[in-house]
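What follows is a short report on a single structure.
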Amino acid sequence: MSNVGKNILRRRKELGITQEELATKMGYKSKSTINKIELGINDINQSKVVKFAEVLQTTPAYIMGWEE
């Protein structure tokens with residue numbers, strides 16, 4: 001599991017939202033994309049880091065693992 005994936009998973013669980021809800025908010029067609037990101041199978045591009053941060057009510061630095 002990548003640090004980015006772990007950070008997304010941790011924050012999603014802190015907010016109490018499902019993979020399906022996060023996928024919808026991110027514009028993905030299914031929760032499988034979120035699952036693959038959280039497991040570190042898929043990477044996310046730089047523009048998606050900002051979007052994940054907005055949706056998960058945190059900072060891009062947190063998503064990237066640069067701050068706790």
Side-chain angles (χ1 to χ4, degrees):
M1 185 182 294
S2 73
N3 284 339
V4 171
K6 283 192 275 191
N7 294 338
I8 290 170
L9 172 64
R10 183 181 312 117
R11 186 65 183 146
R12 178 178 65 76
K13 289 191 173 198
E14 285 173 0
L15 295 174
I17 61 176
T18 65
Q19 286 182 340
E20 189 74 46
E21 290 169 325
L22 182 55
T24 300
K25 291 178 180 186
M26 288 298 298
Y28 293 121
K29 293 181 181 176
S30 73
K31 70 177 186 175
S32 68
T33 303
I34 300 298
N35 186 50
K36 288 177 182 176
I37 291 168
E38 290 179 351
L39 292 173
I41 297 168
N42 288 4
D43 286 329
I44 59 174
N45 62 33
Q46 201 168 11
S47 63
K48 288 289 187 184
V49 171
V50 174
K51 179 73 173 170
F52 269 106
E54 290 172 1
V55 170
L56 294 172
Q57 302 167 20
T58 190
T59 64
Y62 175 84
I63 297 295
M64 295 303 296
W66 299 333
E67 69 181 27
E68 292 188 21

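The chain is numbered in sequence order, starting from 1.
The NZ atom of Lys29 lies 13.0 Å from the OG1 atom of Thr24; values are rounded to the nearest 0.5 Å. To the nearest 0.5 Å, atom CD of residue Glu67 and atom OG1 of residue Thr59 are 3.5 Å apart. Atom CZ of residue Arg12 and atom CD of residue Gln19 lie 4.5 Å apart, to the nearest 0.5 angstrom. From Ile8, atom CD1 reaches atom CE of Met26 across 7.5 Å, with rounding to the nearest 0.5 Å. Distance CD1/Ile63 to CD/Glu54: 11.0 Å, rounded to 0.5 Å. Atom-to-atom distance recorded for Ile34:CD1 and Glu38:CD is 6.5 Å, nearest 0.5 angstrom.
When all heavy atoms are compared, the tightest approach of Pro60 to Ala53 is N-CB, 3.5 Å. Across every non-hydrogen atom of Ala23 and Ser30, the tightest pair is CB-O, 3.5 Å.
Within the 4.5 Å cutoff, the side chain of Tyr28 has heavy atoms near those of the Ile37 side chain. Residues Ile17 and Leu56 have side chains in contact (heavy-atom distance under 4.5 Å, counting atoms from C-beta outward). Proximity of Leu22 to Val55: side-chain heavy atoms (C-beta onward) are separated by under 4.5 Å at one or more points.
A donor-acceptor distance shorter than 3.5 angstrom exists from the side chain of Asn7 to the backbone of Tyr62, with no hydrogens or angles considered.
Taking the ring centre of Phe52 as origin, the terminal cationic atom of Lys25 falls outside the region bounded by 6.0 Å and 45° from the ring axis.
Transitive grouping of hydrophobic side chains (ILVMFWY, heavy atoms separated by less than 4.5 Å) keeps Met64 and Val50 in distinct clusters.
No more than 12 heavy atoms of other residues, nucleotides or ligands shown are found within 6.0 angstrom of NZ on Lys31.
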